[in-house]
Amino acid sequence: MTPSLALVVAVGVLVGTGVYLLLERSLSRVIIGIALIGNGVNLLFLIAGGRAGGPPLNGSGPAEDMADPLPQAMVLTAIVITLGLTAFVLAMAYRSWQLHGHDEVQDDLEDRRLAARLLEGAEVDTRTDDSDLETEAAEARDETEESDVVGTQEGKR
Amino acid sequence: MTWLIPLPVVVPLVSAGLALALGRRSKAQGVISVAAITIMLVTSAALVVLAETEGPQVMSVGGWDAPIGIALVADRLSALMLLVSAIVILCVLLYSLAEGLQEGHEGAPVAIYHPTYLVLAAGVANAFLSGDLFNIYVGFEILLAASFVLLTLGGTGERIRAGSIYVVVSLLSSVLFLIAIALIYAATGTLNLAHLSVRLGEIDPDIAFVLQAMLLIAFLIKAAVFPMSAWLPDSYPTAPAPVTAVFAGLLTKVGVYAIIRTQTLLFDDPRMDRLLMIAALVTMVIGIIGAVAQDDLKRLLSFTLVSHIGYMVFGMSLANQAGLSAAIFYVIHHITVQTALFLVAGLIEHRSGTTSLERLGGLAKFAPALAIVFFVPAMNLAGIPPMSGFLGKMGLIEAGAAVGSGLAYATVAAALLTSLLTLYAIVKAWNKAFWQSAPADLPRNHVPRSMFGPTAVLASLGLIIAVAAGPLYNYTDHAAADLTARSPYITAVLGGAGDLTAEEGG
């Protein structure tokens with residue numbers, strides 16, 4: 001079985017672009033990245049199914065001329081799953097925009113704490129913070145924020 | 001009795017629909033959820049008995065026999081995992097009922113907690129029972145989609161941030177899994193695990209090695225093995241306490257289960273065992289160093305979770321019966337203990353309004369019952385004899401020493417060091433939260449007995465495992481023997497038709 005070169009190249013381009021977009025901070029780009037990778041993998045399943053053939057209906061012809069139906073069933077499942085998850089990430093991006101006025105993912109909390117300490121010029125070991133995780137997350141500096149306030153005011157843009 | 005097998009998947013799924021339809025009646029939702037999980041628990045117990053007495057139980061979904069149809073298989077390993085998961089899911093459900101999460105606590109929407117939780121249970125059960133690689137993927141997606149919703153419950157800023165990272169990492173691992181599935185199908189023409197086990201032996205070993213690596217990377221991300229573990233301590237602590245507890249207990253273990261299943265049944269490449277052992281060593285040490293540095297109880301526990309996944313991977317990487325048996329025992333022990341600890345962290349948060357070790361204090365005096373229910377699973381996690389953690393680590397170290405290679409000895413040393421550091425981290429948390437005088441006045445909310453009860457049950461389950469360690473080790477030994485022999489699983493699924501190899505030859 002020789003896979004079609006066009007399909008292979010398409011898979012490479014889709015997944016490659018998808019990975020590039022996945023590395024972005026902005027959730028809306030990440031969504032496009034996920035969709036691209038998902039489609040790339042769906043094409044990969046078509047390649048895995050072997051050569052093209054007639055519809056795999058019982059009685060429509062000899063079995064050797066039929067396409068392999070199993071990868072198509074799997075692609076359908078994968079499409080549905082990708083759709084659902086994309087919708088979820090989209091909702092999350094919208095919620096993030098509601099809260100912060102942008103949909104960019106903030107830094108890890110520990111990273112922000114370290115950055116904050118370094119900014120203060122203090123030694124990394126001085127642990128005088130008396131706040132818990134939630135308040136600290138709100139106070140800690142975040143390089144994706146232009147101002148220091150991680151407020152909940154809507155539509156800061 | 002094969003009609004029992006799909007029940008742990010079907011019952012929670014159907015109940016999830018019912019619970020969603022009854023969104024406005026939270027009492028009815030609670031009753032449905034508890035009933036569904038109880039049925040799941042009883043079925044799993046029956047499956048454990050059946051798997052032990054009559055061998056692997058197989059059901060072909062839709063009447064299509066394997067390898068064409070999808071098989072659901074309950075062998076010793078999956079039945080045991082299912083039983084422990086059902087116990088944990090039930091305890092956490094009772095805890096969250098008492099906490100009133102479904103009633104809008106912490107801004108959570110009223111209607112969706114119970115349906116989502118049931119979907120999560122169904123996904124976990126599907127992943128454990130599936131005898132088909134693509135169906136395992138579907139199980140993963142079911143539980144992941146549910147976990148996304150649970151992790152971002154209420155949609156606060158911090159949860160959305162943690163959720164974004166968790167979601168993207170999970171999606172990436174799912175995509176890798178899917179790519180691996182496509183490549184495996186292209187190479188072998190089947191996805192039935194038993195059939196694959198026969199077919200993968202026939203292809204070029206180097207290609208099989210690449211396929212194995214792809215699958216492993218996807219599962220190692222889910223199981224949070226270093227260097228793919230950074231997402232876990234960042235995302236878990238922000239979720240509501242019962243959600244974190246059930247995630248910590250189950251989700252990573254589903255990844256571990258998938259690794260055990262595929263590594264033992266499909267592949268036998270000693271090169272990968274060496275890599276796995278190195279990953280186990282590094283995971284243990286890096287994870288526990290992270291835990292030592294934390295000053296928030298939930299984050300500390302998340303890092304110990306990562307670290308102790310290393311023990312299970314170590315047992316697997318030994319690739320012999322003793323190692324696997326100890327690894328399975330350790331998984332069972334760790335599910336109960338880690339869930340109990342996160343529930344206690346939830347109780348502490350409920351009582352004092354914080355889990356920051358800098359602000360907590362004096363709990364041993366004000367809440368002695370809470371102190372006991374923390375102390376027991378904490379010491380169990382650290383592996384103090386004669387608790388189950390000690391027995392599990394003992395089994396792993398014995399198995400490691402029996403292998404006797406330099407790397408195995410190094411990993412055994414790392415395991416001992418990790419055990420010591422776990423004790424140190426736990427004792428530090430104990431001193432700060434329970435013994436030091438409180439730095440500031442903390443609220444003293446009443447902890448309802450109905451929240452305390454499930455936590456105490458889980459905490460004591462760790463002790464019961466220790467008491468029943470003899471029969472349990474016996475069972476895991478049998479399970480590991482089945483896994484290393486492979487043939488019981490394959491014969492049960494393919495019905496003795498081992499000659500499928502000659503049929504078409506991929």
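The figures here come from the full heavy-atom set of this structure, side chains too, leaving out hydrogens, waters and symmetry mates. Each chain gets a letter, A, B and so on, in the order the sequences are listed, and its residues count up from 1.
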Step by step, work out the side chain to side chain contact (heavy atoms under 4.5 Å, CB included) result for Met74(A) and Tyr185(B).
-> CA-CA 11 Å; Met74(A) 290 190 276; Tyr185(B) 188 80; 4.1 Å; yes

Taking heavy atoms only and a threshold strictly under 4.5 Å, list by residue number the residues of residues 8-17 of chain A that touch chain B; give 'none' if the list is empty.
-> none

Tell me, out of Thr77(A), Val30(A), Asn42(A), who's got the most heavy-atom pairs with chain B below 4.5 Å.
-> Thr77(A)

Got a second to check how far Leu70(A)'s CG is from Thr190(B)'s OG1, nearest 0.5 Å?
-> 8.0 Å

Identified side-chain contact (heavy atoms from CB on, under 4.5 Å) counterpart of Leu171(B) within the set Ile31(A), Leu22(A), Ile34(A), Ile37(A) = Ile34(A)

Side chain, backbone, both or neither of Leu172(B) within contact of chain A (heavy atoms, under 4.5 Å) | side chain

If one checks every heavy atom of Phe134(B) against chain A at 4.5 Å, the contacting part turns out to be side chain

Determine the minimum heavy-atom distance between Leu99(A) and Thr156(B), stating which atoms define it.
-> CD1-C, 3.8 Å

Which atom of Ala182(B) lies closest to which atom of Ala48(A), heavy atoms considered = O-CB, 3.3 Å

Ordered numerically, the heavy-atom neighbours of chain B under 4.5 Å found in residues 80-89 of chain A are Ile81(A), Leu85(A), Phe88(A), Val89(A)

Contacting region of Ser164(B) [heavy-atom separation from chain A under 4.5 Å] | both

Chain A heavy atoms under 4.5 Å from Leu357(B): which part of the residue, side chain, backbone, both or neither?
-> neither

NE2/His100(A) to CZ/Arg161(B) distance, rounded to the nearest 0.5 angstrom?
-> 9.5 Å

Once you round to the nearest 0.5 Å, how far does CD1 of Ile160(B) lie from OH of Tyr94(A)?
-> 12.5 Å

